[in-house]
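Beneath this line is the structure, given in C-alpha cells, with notes to follow.
A, B, ... follow the sequence lines: proteins, then strands. Residue 1 opens every chain.
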Amino acid sequence: MSSYNHKAIESKWRAYWEETQAHTVAMDPAKPKFYCLDMFPYPSGAGLHVGHWRGYVLSDVWSRYKKLQGYNVLHPMGWDAFGLPAENDAIKIGIHPKISTADNVATFKRQLHEIGAMYDWAREVNTTDPDYYKWTQWIFLQMYKRGLAYRNEMPINFCPSCQTGLANEEVVQGACERCGTPVEKRNLMQWMLKITEYADRLLDGLKTLDWPEKVIKMQESWIGRSEGAEVSFAIDGKDDQITVFTTRPDTLFGATYMVLAPEHELVAKITTSEHAARVEQYVKQAMTKSSVERMASKEKTGVFTGAYGINPVNGKRIPIWASDYVLIDYGSGAIMAVPAHDERDYEFAMKFDLPIVPVIAETDGTVPELPFVISGILINSGPFNGMDSEKAKQAITEQLERNGLGKASVQYKMRDWVFSRQRYWGEPIPIIHCPKCGEVPVPEEQLPVALPDVENYAPTGTGESPLTAITDWVNTACPECNGPAKRETNTMPQWAGSCWYFLRYADPDNDKALAASEKLKYWLPVDLYVGGIEHAVLHLLYSRFYIKFLYDIGVVDFEEPFTRLFNQGMVTKDGAKMSKSKGNVVNPDELVEHYGADSLRIYELFIGPPEVDSEWMDNGIEGVYRFIQRVWNLVVRSLKDMPEPVLASEKMRHRLIATVAERIESFKLNTVVSAFMEYINQVGSTLDRKSLETLVILLAPLAPHLAEELWQMLGNEPSVFDAKWPEVDPEMLVVEKVVVAVQVNGKTRGTVEVAVDAPEQDVMSAAAKITSVINAVSGKAIVKTIYVPGKILNLVVR
RNA sequence: GCCGGGGUGGCGGAAUAGGUAGACGCUACGGACUUAAAAUCCGUUGGGCGUUUCGCCCGUGCGGGUUCGAUUCCCGCCUCCGGCACCA
C-alpha cells in the first residue's frame, strides 16, 4: 500500500497551481466576489514563526471555502515595508534599507509559499515601491488641498530613542509603542491630519460593522465622545473670560473654584502681582515634568493665581487656580471645579481647603456622602432645586444659552493625527517651502517625490530628518514662482502606506489612478479582514479615516473598508509571546519539512479557538499527522475494495457536510478539525466513492495539497477547487434513534436509546429497567416527571 | 480606579435559547504485531470509594440564589489577561 508522502504531494501540487495560474483572479461581473484579506506584514529579518502562520491559515481556509462555494475570491498579499527596523539596521551596518527590505521580502515570500495559500502574487504590493507611494503621496495632497493636512507648532510626543515625533495612538502608557522608551514632550513644527473632523462619522460607522465587540469598544473609547456644555466665566475685574467644558452642567451651582492648566495662556495674564512668583515657579516646574512623571504621581499640586471668576448662574466669586491635573489639550484647558461631585476636584479641594457645596442629592432627597458623582436631584441650585440631574443638564444649558453665557458642546478625547516623522525610511511629504509663496504642494504630475539615497541615515535628533543633509534633493524650484525653494524633509509614518493598500490590490499596476473605479467597485470593500488585535486603534482607525475621506472625494463608493474583522489569537510558547530574545520561537520551516504544510495548517487550526491565545505543544502536530495518514489510508484501502453506499454512511456524510460548513461559518475552526477526526473514527475501514469525494472536498480548504492528490487518486480531473461544495439533504440529517438521559431529581442515573419521538411512557418503561434508577427511586414516590423528547427524562421523587 | 474578556482532567481544549460535563487530540499506562525497536493497531486514562461486566460519593475558581435540573442564568467575592488612565 502506498504511504502518505507529504513532500512529493505538496511539491507536485504547488507546481500544478503555479503552472495553471490557479490563484490568479480577474474581475468577473458574472460571479459574486469575496475579498479575503490578511493584514500585510512588515517583512522583518527574523522571518515567520508559527504564530504568524495562524492568521494566514485561517484566512486561506476561508478563501478556499468561499472559492468552493462558487465565489470569485481575491486573496492577495503584500509588504508594509517602510519602517524603523530596516532604517536602524542601515544606521548600524550601513546597508541601504532598500536592500535589506528586498532581502527580507524574499525570505518572507519563500516562507509564505510554504503555507500553500491561494495568494494571487500577481497583485503583490509594496509600500516602498515609488509606483505605490506615488499614490500615498497623492492622497496626502488631496487632504492638503481640502485643509485636512496642516502644519502646526505644538508640544508633541517625541521618542528620544527613535528620535522622532509620535502620534497619540503610538504612545502606550507614556512610552513609545515601538520601543518602550518613555516619551518626552517637544515643541516641533508638525504635519497634522484632521482626523477629529471625522470623529462622529468614525464613531457612527462602528455600528454598521461586523467586528469583534472588543475592537469596537476600544475605538469608541479612543474617540471618546462626551456631551456637555461650554460655560463662560467672567474674570472679576478683567475683560477676559474663561470658557470651560463640563459634562455636568447640572452641577454648575456647586462650582466653588476654577482651574487652568499650567500651560493656559490666561495664567500669566490674570495672576496678581503678589502671587506671580509662586505661579511662575509652579508653571515652569509643571511644564518640565515628563508625561510619565505627570502620570506617576496622582498627588494633586497647584497654586492660586489671586484672580477670581464669576459663576454665571449665581454670581459668586470663586478663586482661580492653576494645576497640572487639568490638561491643556482637552476641552479648553480650563475647568470649573465642583468638589462635591467630582473625585479629582474633591481631592484638590480637601488638600487646599477650598469650599465644597453639595448640589446633587440622592433621588430620595437625602444628602449623600461626598464626593457623589452620579446623577440625582438638584439642591442648593436656586430655581433648579428638585429637578432631576438629566433634566437639569438641559435646562441649565438652555438658560446659559439664552443669556449668551454658554452652549451645548461635544468634546472628543481623540486628537488630530501627528503625521510627520523625522526619519529617512518613509514616504517624503510632497510639499515645497518657498520663501515667496510659502507652502506649495508638489504638482500631482511630479509625483512621486522619490526618496533620495543618503550617506548617513542617522536621525539628527534635532527634530529634523536626515533628508535635510541631501542638499541637491532639498533644494528645488518652487512650482509656482520657479524661484529657489526647499523640499519638506519630514516623512510620513508607517501607517500612511497601510491605510489604503487593500484598494491597490484591486488594480496594482494602475499608473493613472490609485485603482480603476470599476475594479474598486467590484472587489471592495473587504469582506473578511484577518489580523492581530494590536492594530485595534492604530491601523484600523486610520484606515477607516482614509476611506471616509476617499469616499468624500469620490474615489470609493463605500464608507467602511472592512465589513467583517477577525482577530486571531497569539500562539504562545512556555506561556509567553514568541520572540527571538526569549528564545521560544517555533520555526514552521522544520515542521513543514517533517510533517508537511497540510499537517501544520491543520494543527494551527486545531490548537485552540482561533480568536484566543493558544499554547504551542510540540506533540500536538503528531496527532494531526496521524489523522492525515488515516484519511490517506482510508482512501487507498477503499480504492482497492470500494463498497457501495449504504444509508448509514449517507447519513454520516450529510451530517459531516452540515457540521463542517456551520463550524467554518462560525469560526470554530478547531472543532472543524475534531469533526473530521470523529468522522474518520466512526467510518469503517473503507468508504464508498461518494462519501470519499465529499470528504476530500470538505477537507480541501484545510489541507489543499492532500485534497488535490486524493481527488486525483479517486479518478477526478484536477483541481478539487473546481468542484462544488456539496449540498446537504436535510432529510438525511433526521435522526430516528436518540439516547435520552434518565435523571432522578436532576442527577443522571443512566441512559436509554429510544425513537426520537418516543412517547413518555416508552421512555419511562425503558428507564424503569435501569438498576441505578431503581435504586434511586425505591421507597420514594414519584411526584413529577419532566420529559424533554430527545434530551432527558427527569423523575422528581420525594 | 474605570471598561472588556477569561478561570473546566496530567496538558491543549469540547459542550452554554439551562437538559448525559470532559467530545477531539496530546501525555501516560496496558496489550497486539516485531528477534528487538520505531511506526501502526486495540484498550484504559477527572478524583475517591465499594460487594468491580455493576454501583455509590465528589467534581467546571470560591460563597450564596433561582430551577425538576446550572459549566451555562442572577447576586457577592477571589484571581489572571487585555484596553484606557487626572479627558472635567
Side-chain angles (χ1 to χ4, degrees), chain A residues 3 172-174 212-222 224-226 228 244-248 251 255 259 261 294-295 297-300 323-327 329-338 341-345 347-348 373 411-415 533-534 536-537 570 602-603 606-609 611-624 626-627 629-630 633 668 670-681 685 739-752 771-772 774-776 783-788 790-798:
Chain A
S3 62
V172 179
Q173 297 182 351
E213 198 53 36
K214 181 182 178 154
V215 177
I216 290 178
K217 281 263 161 61
M218 281 167 76
Q219 293 212 352
E220 273 172 2
S221 66
W222 188 263
R225 180 190 158 100
S226 39
V244 303
F245 172 73
T246 177
T247 54
R248 293 296 302 273
T251 64
V259 187
R294 209 158 144 165
M295 278 194 305
S297 84
K298 295 246 170 176
E299 179 73 24
K300 297 277 179 290
S323 168
D324 68 1
Y325 87 90
V326 172
L327 307 174
D329 52 1
Y330 183 76
S332 59
I335 62 156
M336 64 176 209
V338 185
H341 305 290
D342 180 281
E343 276 164 19
R344 297 150 302 183
D345 297 344
E347 198 190 322
F348 192 85
V373 299
Q411 294 290 324
Y412 301 90
K413 217 182 83 173
M414 183 171 69
R415 313 288 148 80
I533 185 81
E534 64 273 18
V537 282
M570 251 184 347
I602 294 181
Y603 183 58
F606 193 52
I607 186 167
E611 71 282 8
V612 171
D613 292 352
S614 290
E615 173 71 9
W616 181 267
M617 308 234 294
D618 289 322
N619 290 319
I621 194 170
E622 295 269 0
V624 167
R626 277 179 214 144
F627 159 73
Q629 291 185 73
R630 279 201 284 268
N633 292 336
K668 294 180 171 176
N670 53 329
T671 65
V672 171
V673 178
S674 50
F676 279 117
M677 288 173 168
E678 278 175 273
Y679 181 75
I680 292 298
N681 292 345
S685 60
V739 177
V740 170
V742 181
Q743 306 180 331
V744 179
N745 287 348
K747 184 178 280 256
T748 304
R749 295 291 169 176
T751 57
V752 292
T771 324
S772 166
I774 298 164
N775 290 350
V783 295
K784 195 178 176 188
T785 62
I786 291 135
Y787 177 52
V788 183
K791 299 268 188 192
I792 55 117
L793 173 72
N794 188 12
L795 309 177
V796 184
V797 300
R798 207 183 289 141

Side-chain N or O of Arg749(A) closer than 4.0 Å to phosphate OP1/OP2 of C57(B): yes

Which base sits across from G4(B) as a Watson-Crick or G-U pair, both distances under 3.5 Å? C81(B)

Find out whether the Lys NZ or Arg CZ of Lys300(A) is both under 6.0 angstrom from the six-membered ring centre of Tyr325(A) and within 45° of the ring's axis. yes

Taking G65(B) as the reference, what is the distance to A28(B) when you measure between their P atoms (whole Å, please)? 44 Å

Side-chain contact check for Asn775(A): nearest option of G55(B), C84(B), U20(B) is G55(B)

Side-chain contact, heavy-atom cut-off 4.5 Å: Val739(A) with Val752(A)? no

When rounded to the nearest Å, what value does the distance between P atoms of G69(B) and C81(B) take? 37 Å

I want to verify a distance call: between C26(B), A88(B), C41(B), whose nearest atom is closest to the Arg626(A) side chain? C26(B)

Taking C62(B) as the reference, what is the distance to U79(B) when you measure between their P atoms (whole Å, please)? 15 Å

Along RNA chain B (nearest heavy atom to each residue), the more 5'-positioned of Met414(A) and Ile533(A): Ile533(A)

Nearest non-hydrogen partners of Val537(A) and Met218(A), listed with the distance: CG1-O, 3.6 Å

Check the phosphate of G25(B) against Asn681(A), side-chain N and O only, distance under 4.0 Å to OP1 or OP2. Yes or no? yes

Would you say A14(B) has OP1 or OP2 under 4.0 Å from some side-chain N or O of Asn670(A)? yes

Options U20(B), G19(B), A88(B), nucleotide nearest the side-chain atoms of Ile786(A): G19(B)

Side chain of Asn794(A), base of C68(B): donor and acceptor closer than 3.5 Å? yes

Under 3.5 Å, is there an N or O donor on one side and an acceptor on the other linking the side chain of Lys300(A) and the base of C86(B)? yes

Looking only at atom types and distance, does a side-chain atom of Arg225(A) sit under 3.5 Å from a main-chain N or O of Lys413(A), one as donor and one as acceptor? no

Donor-acceptor check, side chain of Gln743(A) to backbone of Ile792(A), threshold 3.5 angstrom: yes or no? no

Think Ser674(A) has a side-chain N or O under 4.0 angstrom from the OP1 or OP2 of G13(B)? no

Which nucleotide in the set G13(B), C68(B), C56(B) lies at the smallest distance from any side-chain heavy atom of Pro609(A)? G13(B)

Does Ser221(A) have a side-chain nitrogen or oxygen under 4.0 Å from the phosphate oxygens OP1 or OP2 of G83(B)? no

P gap between G47(B) and G9(B), integer Å: 12 Å

Side chain of Ser226(A) only, heavy atoms from C-beta on: which candidate in G25(B), A88(B), U20(B) is closest? A88(B)

Picking from C24(B), G83(B), C57(B), which would you name as closest to the side chain of Met218(A)? G83(B)

From G12(B), C54(B), C24(B), nucleotide with atom closest to Met617(A) side chain: G12(B)

According to the Watson-Crick and G-U wobble definitions, with both distances under 3.5 Å, which nucleotide is paired to U35(B)? none

Give a yes/no answer on whether the side chain of Lys747(A) brings an N or O atom under 4.0 Å of OP1 or OP2 in C58(B). yes

So, under a plain 3.5 Å distance rule, would you say the side chain of Gln743(A) forms a donor-acceptor pair with the base of G19(B)? yes

Look at the rings of Phe245(A) and Tyr330(A) and say which category their plane angle falls in: under 30° parallel, 30 to 60° tilted, over 60° perpendicular. perpendicular

Presence of Lys217(A) side-chain N/O under 4.0 Å of C84(B) phosphate oxygens OP1/OP2: no

Below 4.0 Å: OP1/OP2 of A88(B) and any side-chain N or O of Tyr325(A): no

Tell me which nucleotide among A88(B), G55(B), G25(B) gets nearest to the side chain of Arg630(A). G25(B)

What's the closest nucleotide to the side chain of Met677(A) if the choices are U20(B), C57(B), G25(B)? G25(B)

C56(B) to U66(B) separation - P atoms, rounded to the nearest Å: 27 Å

Walking RNA chain B from its 5' end, the first of Ala776(A) and Val796(A) to be reached, judged by nearest nucleotide, is Ala776(A)

Return no unless some side-chain N or O of Thr748(A) is found under 4.0 Å from OP1 or OP2 of A21(B). yes

Please verify the inter-ring angle class for Trp616(A) with Tyr603(A); under 30° counts as parallel, over 60° as perpendicular, anything in between as tilted. perpendicular

For G30(B) and C78(B), measure between their C1' atoms and round to the nearest Å. 42 Å

